[in-house]
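Step one of this worksheet: look at the structure below.
Residue indices begin at 1 and follow the sequence shown. The basis for the numbers below is simple: all heavy atoms, side chains too, and nothing from hydrogens, waters or symmetry mates.
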Amino acid sequence: MAKQDLIEAEGVITEVLPNATFRVQMENGHEVFATVAGKLRRFNIRVLAGDRVTLELSPYDLTRGRITFRHK
């Protein structure tokens, strides 16, 4: 599988953890540990509890993800 085979999903941040890690509740009910993508860190986009976000999940490990977009 290549990098293009990532799974995109949306969810809501339920808990803020140390080291830019978050617990995200996805729309289908699953909970995922997610980190902030590099572009969000570079442009200082704040992500707080209760925010709606877009995640990228690897098909190999569906319990970890990367936050790529914060919805307004």
(message) Checking Glu56 now: which residues fulfil salt bridge (Lys or Arg N to Asp or Glu O under 4.0 Å) with it, not counting sequence neighbours?
(response)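 Partners of Glu56 by the salt bridge (Lys or Arg N to Asp or Glu O under 4.0 Å) criterion, ordered by chain and then number, come out as Arg66.
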(message) Please report the interatomic distance OG(Ser58) to CG(Asp5), rounded to the nearest 0.5 Å.
(response)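 Those atoms lie 9.5 Å apart.
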(message) Quick check for you: to the nearest 0.5 Å, what is the distance between Leu55 atom CG and Ile67 atom CD1?
(response)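 Going from CG on Leu55 over to CD1 on Ile67, the span is 6.0 Å.
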(request) State which residues pass side-chain hydrogen bond (donor to acceptor under 3.5 Å, both in side chains) with Arg64; sequence neighbours excluded, sorted by chain then number. (result)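 Testing Arg64 for side-chain hydrogen bond (donor to acceptor under 3.5 Å, both in side chains), a comparison that skips the adjacent residues, returns none.
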(message) Applying side-chain hydrogen bond (donor to acceptor under 3.5 Å, both in side chains), can you list everything that pairs with Thr54, at least two apart in sequence or on another chain?
(response)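 side-chain hydrogen bond (donor to acceptor under 3.5 Å, both in side chains) check on Thr54 returns His71.
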(message) Could you tell me if the side chain of Thr68 sits less than 4.5 Å from the side chain of Val53, heavy atoms only?
(response)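 Not in contact.
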When the side chains of residues 24-47 are checked against the rest of the protein, which donor-acceptor pairs come out under 3.5 Å, sequence neighbours left out?
residue : atom : partner : partner atom : Å
Gln25   : NE2  : Gly29   : O            : 2.9
Asn28   : OD1  : His30   : N            : 3.3

(message) Other members of the hydrophobic cluster containing Leu48, with the 4.5 Å side-chain heavy-atom rule, please.
(response)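 Noted: Leu48 shares its cluster with no other residue.
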N/O donor-acceptor pairs under 3.5 Å from side chains in residues 10-22, not counting sequence neighbours:
residue : atom : partner : partner atom : Å
Glu10   : OE1  : Arg52   : NH1          : 2.7
Thr14   : OG1  : Arg23   : O            : 3.0
Glu15   : OE1  : Arg23   : NH1          : 2.7
Thr21   : OG1  : Pro18   : O            : 3.2
Thr21   : OG1  : Asn19   : O            : 3.2

